Chemist: 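Before anything else, here's the structure in question.
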Amino acid sequence: MQLSHTPEEEQFRAEVRAWLRANVPRGKRPRTGLALREYDLEWQRRQYEGGWAGISWPREYGGRGLSLMQQVIWYEECAAAHAPVGGSTFVALSHAGPTLIVCGTEEQKRFHLPKILKGEAVWCQGFSEPNAGSDLAGLKTRAHVEGEHLVVNGSKIWTSYAALADWQELLVRTDPGAQRHKGLTWVICDMHAPGITIRKIPTMSGTGNLCQVFYDDVRLPLANVVGEVNGGWDVSMTTLGFERGTAFIAHQIHLASTLEKLHVMARDLRGPDGRRPAIEDGAVADQLLNLRAEVAALRAMTYLSVSRGARQAVPGPEGNIIALCYAELSQRIYAFAVELLGNEALEMHDENPDWLTDYLDAFKNTIAGGTSEIRRNVIGERLLGLPRGGR
Amino acid sequence: MIDLLASEAEQQIIDSVAGFLAEKFPVTRLRPGSDGERRMEAGLSAEHWRDIASLGWFGLGIPEEQGGAGDTVIAEMLVAREIGRCAVSPSIAATIAAGHLAALAGSELLAGLMAGEHRVAGAIRLHAASDEFHLIDARGADYILVVDGMQARLYDAAAFADVRRVISLDDAVILERAHLAAGARPTVQDAGSNIGRRVSLYNSAQLLGVAEAALKLAVEYAGVREQFGQAIGSFQSIKHRCADMAVAAEAAFAQVFFAGVSQASGQPDAAYQIAAAKVTSAGAALANARSGIQIHGGTGFTAECDAHVFLKRAHLLGQLGGERHWIRETLLTQALDDRVSLS
């Protein structure tokens, strides 16, 4: 075990810091719509032009080929510089891209990876269905082979940014006769293809990027299949490994800086007695102390992921642990913010709309990308070796 | 460059320590026999102390030029973690820390500490303004290690008066109460916080061991105990509880050893990380111990099951290696910039 700052890492950090200072977008990021897409892609383009896109991606596909640690340094500096995090480029950068690098054909990699890095494409995910959420392998969206095409019929749901996306990682059933996990195919879907209809779904936080997608005889070239036809389950497990593993680095660091804002707020706001600052209240101080320790541990877990990443190419089920921790901790932190705000939390006025929207939005964290309950199943079965049972 | 996984050399330390403890100090030693008596008395006998000294743990992290093995604080924490798993005496960690204190002060006590000739026990001040202490496994100890805040002082055992044994919640240790004589001067003391931090790291590593051992015991039981015709671990109510225990153990593992490498490499935020490690590991040990008892059901309530050992050890270690006051001070006052970036 060790921690050291190599001269390369120090220099890298200094370069990142200087570049970010000059280049981080200053305007407030739009929460929805084409304005959001443009904002996110413009930021990605700027990173690409600055030579910062795909820091740990292989050089041959336009990445920098640097270490996962340097990727972490990048995210840490982004958080310190208040750079935008996640958003509509998240799926492309954090799972579609990494999945293509591991499982895609040479042609798919050459076509898609540069577009992702250059900020020319938004991706969305197409796994969940109205009747296949936690039970992903029960999905029913059908695709049959017709000549050189897959013809898709059915519906996907809970798709963030579908209305803004160019491409989708789509999981479909190609062999209805096969065992549940065996008849699935992972295919790249062109979101502009004829036969696709998108319905926006309003959410409890008022952020409007959630959609349902309908497929009516949508024709996708067989060349878009990633992995084998009927081999989609393994590919999707790779995707979810990335989603639950390394993709959380940026989120973890963002959450750490969120808690720091809250720390400042606890000094500025009046506490429950109406006289002293909130932080001088014993209960507030104790909550803050415990949250700070939990955020510290989440960061250490990120470093543990980085340590594992140096020894394995594709993240394993361990990623579920940090994903579960992040999801539940983020909810506790936003709930604490609302508690600190007191009466103020009843008003969506200019000073605090972010806290309230973020609080409401964080309810998705224990649902999206695998509910906390499913994550606990995976931890119990795949990491602890407990027997499978009824669901 | 960061690596929180054990190197080959570190894995060898883990294996050899775990092997020794499994043979000499399995947790099962604490079970009552058919006559209600235990196989092994509380505390550590002189013979056990000699056995342990012969393994070189007391000199493991002492610099080579001072006669030690020159290993890192991480190596010592790996030893402490295994000690926690088997609920062996916290006086081992106290003696390791005292060795560093002697080394730092250039004290002649060092050789005797490394050789196992001097025995050290830890003490907990009853409250910040009190001169009364709880002594842990101090029978046969030559010195008592006291840490206030992060200030470490080593007193001659004779400086403690009115020593009387009390009934220990954790009955694997001998607990005593004693007064520190007015005007008693420490034999050796640390003007800085180095030793206090080590004490906290060793203690958090033991708490981590407790959390991990409680998890392991519960998962094993959940995999074999059958009800309704299947292993109880196949039910989500049990499986999810085990998953939460695994999450707590992993968070504690990551934070405890991140704090260790932060201290070893002299990071400016090492104290912060050490305080967070105490909070995380103490929380994990208590939560996992409690869940472990529940998962064992009726058996978990009996002394014939080892689950309660971890609960009691978690309470004991929770009072050691970093008081709440120091933790609050450290975790609430440190500025953001020291921590968000590594440099």
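Each chain gets a letter, A, B and so on, in the order the sequences are listed, and its residues count up from 1. It should be emphasised that the depicted structure is a prediction, and the values quoted were computed from it without experimental measurement.
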Chemist: With a 4.5 Å cut-off on heavy-atom pairs, point out which of A:S372, A:A285, A:C325, A:G385 contacts chain B the most.
Modeler: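 When all of A:S372, A:A285, A:C325, A:G385 are compared, A:A285 has the most.
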
Chemist: Rounded at 0.5 Å granularity, tell me how far CD1 in B:I2 sits from OG1 in A:T302.
Modeler: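 OG1 of A:T302 is found 10.0 Å from CD1 of B:I2.
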
Chemist: Does the side chain to side chain contact (heavy atoms under 4.5 Å, CB included) test come out yes or no for A:L304 and B:L5, once each step is laid out?
Modeler: CA-CA 7 Å; A:L304 186 56; B:L5 296 173; 3.8 Å; yes

Chemist: For chain B, which candidate among A:E373, A:R311, A:Q70 shows the most heavy-atom pairs at distances under 4.5 Å?
Modeler: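 Ranked by heavy-atom pairs under 4.5 Å with chain B, first place is A:R311.
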
Chemist: Would you say the side chain of A:R292 lies within less than 4.5 Å of the side chain of B:Y272, judging by non-hydrogen atoms?
Modeler: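 They are in side-chain contact.
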
Chemist: Given that the side chain runs from C-beta out, which part of B:A251 has a heavy atom under 4.5 Å from chain A: side chain, backbone, both or neither?
Modeler: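 Contact with chain A: backbone and side chain both.
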
Chemist: For the OG atom of B:S265 and the CG atom of A:L3, what is their distance to the nearest 0.5 Å?
Modeler: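 So the gap between those two atoms works out to 4.0 Å.
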
Chemist: With chain A as the partner chain, list the residues of residues 211-221 of chain B whose heavy atoms fall under 4.5 Å from it, by residue number, and write 'none' if nothing qualifies.
Modeler: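 Within residues 211-221 of chain B, the residues that come under 4.5 Å of chain A (heavy atoms only) are B:L215, B:V219.
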
Chemist: Can you tell which part of B:I238 gets under 4.5 Å to a heavy atom of chain A, answering side chain, backbone, both or neither?
Modeler: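 Contact with chain A: none, neither part.
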
Chemist: Please state whether the side chain, the backbone, both or neither of A:E9 comes within less than 4.5 Å of a heavy atom of chain B.
Modeler: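 Interface part for A:E9: side chain.
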
Chemist: Quick one: does any side-chain atom of B:K239 pair with a main-chain N or O of A:P387 as donor and acceptor, under 3.5 Å?
Modeler: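 Such a contact is found between B:K239 side chain and A:P387 backbone.
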
Chemist: Determine, stepwise, if the pair B:R324 / A:L289 fulfils side chain to side chain contact (heavy atoms under 4.5 Å, CB included).
Modeler: CA-CA 10 Å; B:R324 195 73 184 165; A:L289 174 163; 3.7 Å; yes

Chemist: At a 4.5 Å cut-off on heavy atoms, which part of B:S262 comes close to chain A: side chain, backbone, both, or neither?
Modeler: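 Looking at B:S262, backbone and side chain both touch chain A.
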
Chemist: Which heavy atom in B:Q273 sits nearest to a heavy atom in A:A296, and how many Å separate them?
Modeler: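 That closest heavy-atom pairing would be OE1-CB, 4.1 Å.
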
Chemist: Tell me, yes or no, whether the heavy-atom count around B:Q11 atom CD, taken from other residues, nucleotides or ligands under 6.0 Å, exceeds 12.
Modeler: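 Counting neighbours around CD of B:Q11, more than 12 heavy atoms of other residues, nucleotides or ligands fall under 6.0 Å, so yes.
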
Chemist: Could you tell me which of A:S4, A:G380, A:A266 has the largest number of non-hydrogen atom pairs under 4.5 Å with chain B?
Modeler: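 Top option by heavy-atom pairs under 4.5 Å: A:S4.
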
Chemist: How would you list, in number order, the residues of residues 275-288 of chain B that have a heavy atom less than 4.5 Å from chain A?
Modeler: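 Residues of residues 275-288 of chain B touching chain A at under 4.5 Å: B:A276, B:V279, B:T280.
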
Chemist: Take a 6.0 Å sphere around CZ of A:R270 and say whether it holds more than 12 heavy atoms from other residues, nucleotides or ligands.
Modeler: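 For A:R270, atom CZ is not crowded (no more than 12 foreign heavy atoms under 6.0 Å).
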
Chemist: Backbone N or O of A:G389 within a donor-acceptor pair of the B:S234 side chain at under 3.5 Å?
Modeler: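 Here the side-chain-to-backbone pair does not exist.
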
Chemist: Is any side-chain heavy atom of B:M1 closer than 4.5 Å to a side-chain heavy atom of A:E8?
Modeler: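 No, every pair of side-chain atoms sits at 4.5 Å or beyond.
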
Chemist: Give the intermediate values and the outcome of side chain to side chain contact (heavy atoms under 4.5 Å, CB included) for residues A:L298 and B:Q255.
Modeler: CA-CA 8 Å; A:L298 192 70; B:Q255 182 59 32; over 6 Å; no

Chemist: Return each pair, listed once, that meets salt bridge (Lys or Arg N to Asp or Glu O under 4.0 Å) where at least one residue sits in residues 245-261 of chain B; pairs must be two or more places apart or across chains.
Modeler: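 Passing the test, one end in residues 245-261 of chain B: A:R308-B:E250.
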
Chemist: How far does CG of A:N377 sit from NE2 of B:H240, to the nearest 0.5 angstrom?
Modeler: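 It is 3.5 Å, given to the nearest 0.5 Å.
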
Chemist: Given the options B:V261, B:D244, B:D3, B:I327, which has more heavy-atom pairs under 4.5 Å with chain A than any of the others?
Modeler: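 The option with the most such pairs is B:D3.
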
Chemist: Between chain B and each of A:V72, A:L386, A:I379, count heavy-atom pairs under 4.5 Å; write down the option with the most.
Modeler: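 Ranked by contacts with chain B, first place is A:L386.
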
Chemist: So for A:A310, is it side chain, backbone, both, or neither that comes closer than 4.5 Å to the heavy atoms of chain B?
Modeler: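 It is neither, since no heavy atom gets under 4.5 Å.
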
Chemist: Which residue pairs satisfy the salt bridge (Lys or Arg N to Asp or Glu O under 4.0 Å) criterion with at least one member in residues 319-335 of chain A, sequence neighbours excluded?
Modeler: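 Non-adjacent pairs meeting salt bridge (Lys or Arg N to Asp or Glu O under 4.0 Å): A:E294-A:R332, A:E328-A:R376.
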
Chemist: Please report the interatomic distance CZ(B:F258) to CE(A:M1), rounded to the nearest 0.5 Å.
Modeler: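 Between atom CZ of B:F258 and atom CE of A:M1 there are 13.0 Å.
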
